[in-house]
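See structure below.
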Amino acid sequence: MRNLVRETRLTPESLVYPLFVCPDKGVRRPVSSMPGVANLSVDELVKEAREAHGLGIPAVILFGLPEKKDEAATGAWEENGIVQQAARALKRELPELLVIGDVCLCEYMSHGHCGVVRSRTRQRPPGPRVVVAKSAQAATAAAAEAMAQEFEIANDETLEILAKTAVSLVHAGVDIVAPSDMMDGRVAAIRQALDATGSSNAPILSYAAKFASAFYGPFREAADSAPQFGDRRSYQMDAANRREAMREIALDLEEGADMIMVKPALPYLDVIAEARRRFDAPLAAYQVSGEYAMIHAAAQNNWIDRERVMMESLLAIKRAGADVILTYFAKDAAKALA
């Protein structure tokens with residue numbers, strides 16, 4: 001009777017399985033902070049995707065670990081980039097599988113930020129000298145300390161790379177591009193680039209409300225994408241701002257986004273619910289690595305029932321209004337729902 005009158009239904013068809021692809025062959029390198037998750041070479045990724053698809057999961061989203069990083073994020077957009085290789089292999093082996101390509105640069109940038117970084121150096125105001133250098137090395141250190149260095153993201157330069165990355169991914173076989181960088185104007189730039197290169201039918205799933213969250217830690221291990229300095233609060237959203245999230249979503253839809261996403265999911269159920277109330281576009285939510293890791297850690301200590309908490313958390317995201325859930329639990333949840 002409970003099943004008969006259930007108001008919210010969770011099915012494998014609403015799940016997207018995130019996968020991390022790395023170079024070489026036969027690689028299945030576990031991520032220590034995310035039990036059950038691994039960095040996969042292309043051949044192993046195809047096996048993993050085939051298993052997920054066999055469980056009724058219709059889509060995967062790909063994140064890449066390139067062989068090398070630089071300050072132009074070359075690995076994100078080059079023709080033979082690691083995600084491009086994976087997309088071609090998946091479309092060759094599993095043509096019916098929906099492949100989503102994450103469009104961000106943090107995994108490919110040498111500094112780990114989501115955009116082009118520019119430094120600005122300014123002289124500190126003169127003040128009393130309180131330290132006397134005892135050596136040439138100390139004098140150099142003192143001179144360096146006298147300078148205050150600031151960094152900023154070059155938004156418009158970043159848009160060019162993001163657009164180039166999206167085009168490259170679609171040409172490699174990716175069905176949906178998902179910009180996750182939170183640069184201003186990125187959806188419009190990507191839409192224009194796709195239209196100009198004959199890919200006007202390629203949809204955009206925008207990480208429209210992506211918050212500067214502490215729940216991303218395990219992902220940064222998996223994707224080797226931790227920033228080398230500073231943090232991402234200058235371009236990801238303040239966790240306190242729900243109204244701003246609605247403005248960000250509205251702007252992305254105006255620029256041409258076909259689908260929208262809230263990230264993270266469980267700590268932001270109110271944002272998901274408000275987005276569902278205001279917007280008619282397909283709505284996704286990302287149950288991020290920290291959410292996944294906490295459930296596993298508590299279960300390993302026998303504090304909770306892992307499967308029940310897993311399903312309850314996914315049901316809560318669905319109940320809040322998400323049409324699509326990106327989750328590392330996708331395979332386990334699909335098995336539980338069978």
Side-chain angles (χ1 to χ4, degrees), residues 15-22 28-40 44-45 48-49 52 57 59-66 82-83 86 100-109 112-114 178-182 205 207 209-228 231-233 235-237 239 261-269 271-272 284-301 303-304 306-307 309-314 316-318 320 322 324-334:
L15 304 178
V16 175
Y17 190 27
L19 294 171
F20 299 94
V21 58
C22 64
R28 186 174 282 266
R29 185 169 57 246
V31 178
S32 62
S33 57
M34 299 175 69
V37 175
N39 293 334
L40 306 168
E44 292 294 325
L45 181 136
E48 189 75 9
I57 298 164
V60 297
I61 183 167
L62 303 181
F63 300 92
L65 289 86
I82 189 64
V83 170
I100 305 170
D102 179 78
V103 181
C104 197
L105 309 179
C106 58
E107 303 107 298
Y108 308 94
M109 287 288 196
H113 277 284
C114 301
S180 61
D181 53 281
M182 289 300 285
L205 166 60
Y207 289 65
K210 182 178 179 180
F211 291 84
S213 173
F215 284 87
Y216 301 149
F219 175 94
R220 292 174 182 175
E221 178 197 348
D224 188 25
S225 63
Q228 299 302 303
D231 55 44
R232 295 174 179 155
R233 286 182 292 180
Y235 46 98
Q236 293 180 357
M237 289 188 56
M261 189 194 302
V262 175
K263 181 183 180 183
L266 207 58
Y268 297 86
L269 293 180
V271 178
I272 297 170
Y286 201 142
Q287 186 182 49
V288 299
S289 59
E291 300 173 60
Y292 176 86
M294 287 193 305
I295 292 172
H296 267 284
Q300 287 172 352
N301 281 285
W303 294 338
I304 61 170
R306 189 188 73 91
E307 182 170 308
V309 172
M310 169 187 74
M311 297 306 290
E312 188 175 339
S313 66
L314 293 171
I317 297 165
K318 189 75 171 177
V324 177
I325 304 173
L326 290 74
T327 177
Y328 304 98
F329 283 124
K331 285 200 312 179
D332 290 343

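What you see is a predicted model, and the numbers here were worked out from it, not measured in a lab.
The side-chain heavy atoms of Leu105 and Asp181, taken from C-beta on, include no pair separated by under 4.5 Å. A 4.5 Å side-chain heavy-atom check between His113 and Met109 finds every atom pair outside the cut-off. Annotation: side chain of Pro218 is not in contact with side chain of Val31 (no heavy-atom distance under 4.5 Å). Taking the side chain as every heavy atom from C-beta outward, Pro264 and Gln287 never approach each other to under 4.5 Å. Side-chain atoms of Ile82 and Phe20, non-hydrogen and from C-beta on, never get closer than 4.5 Å to each other. Inter-residue side-chain proximity for Glu107 and Leu65 is flagged as unmet; no heavy-atom pair is nearer than 4.5 Å. Taking the side chain as every heavy atom from C-beta outward, Val60 and Val16 never approach each other to under 4.5 Å.
Under the 6.0 Å distance and 45° angle rule, Lys263 counts as a cation-pi partner of Phe219.
Between Arg28 and Pro30 the shortest heavy-atom distance is O-CD, 3.3 Å. Nearest approach of Ala212 to Gln236, heavy atoms of both residues: CA-OE1, 3.4 Å. Of all non-hydrogen atoms in Glu291 and Ala265, the two that sit nearest each other are OE2-N, 3.2 Å. Among all heavy-atom pairs drawn from Leu269 and Ala316, the shortest one is CD2-O, 3.9 Å. In terms of heavy atoms, Ala239 sits closest to Phe211 at CA-CD2, 3.7 Å. The heavy-atom pair separating Val21 from Ala86 by the smallest distance is CG2-CB, 4.0 Å.
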Are Leu326 and Ile61 close enough, and set up right, to give a side chain to side chain contact (heavy atoms under 4.5 Å, CB included), and what steps lead you there? CA-CA 8 Å; Leu326 290 74; Ile61 183 167; 3.9 Å; yes

Between Leu266 and Phe215, is the side chain to side chain contact (heavy atoms under 4.5 Å, CB included) condition met? List the steps. CA-CA 10 Å; Leu266 207 58; Phe215 284 87; over 6 Å; no

What's the verdict on side chain to side chain contact (heavy atoms under 4.5 Å, CB included) for Tyr268 and Met237, showing C-alpha distance, side-chain angles and the deciding distance? CA-CA 12 Å; Tyr268 297 86; Met237 289 188 56; over 6 Å; no

Applying side chain to side chain contact (heavy atoms under 4.5 Å, CB included), run through Leu205 and Met261 and close with a yes or a no. CA-CA 7 Å; Leu205 166 60; Met261 189 194 302; 3.8 Å; yes

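Atom CD of Glu312 has 12 or fewer neighbouring heavy atoms from other residues, nucleotides or ligands inside a 6.0 Å radius.
Looking only at distances, a side-chain donor or acceptor of Tyr292 sits under 3.5 Å from a matching main-chain atom of Pro35. Checked by atom type and distance alone, the side chain of Tyr235 pairs as donor or acceptor with a backbone atom of Cys114 at under 3.5 Å. Panel note: side chain Glu221, backbone Ser33; a donor-acceptor pair is recorded below 3.5 Å. For the pair Lys331 (side chain) and Ala52 (backbone), a donor-acceptor distance under 3.5 Å is absent.
A donor atom on one side chain and an acceptor atom on the other are found under 3.5 Å apart for Tyr17 and Glu48. Using modelled atom types, one finds a donor on one side chain and an acceptor on the other under 3.5 Å when comparing Tyr207 with Asp102.
Between atom CG of residue Leu62 and atom CD1 of residue Ile100 there is a gap of 9.0 Å, rounded to the nearest 0.5 Å. Going from atom CG of Leu15 over to atom NZ of Lys318 covers 8.0 Å, rounded to the nearest 0.5 Å.
Taking the ring centroids of Tyr328 and His296, they lie at or beyond the 6.0 Å cut-off.
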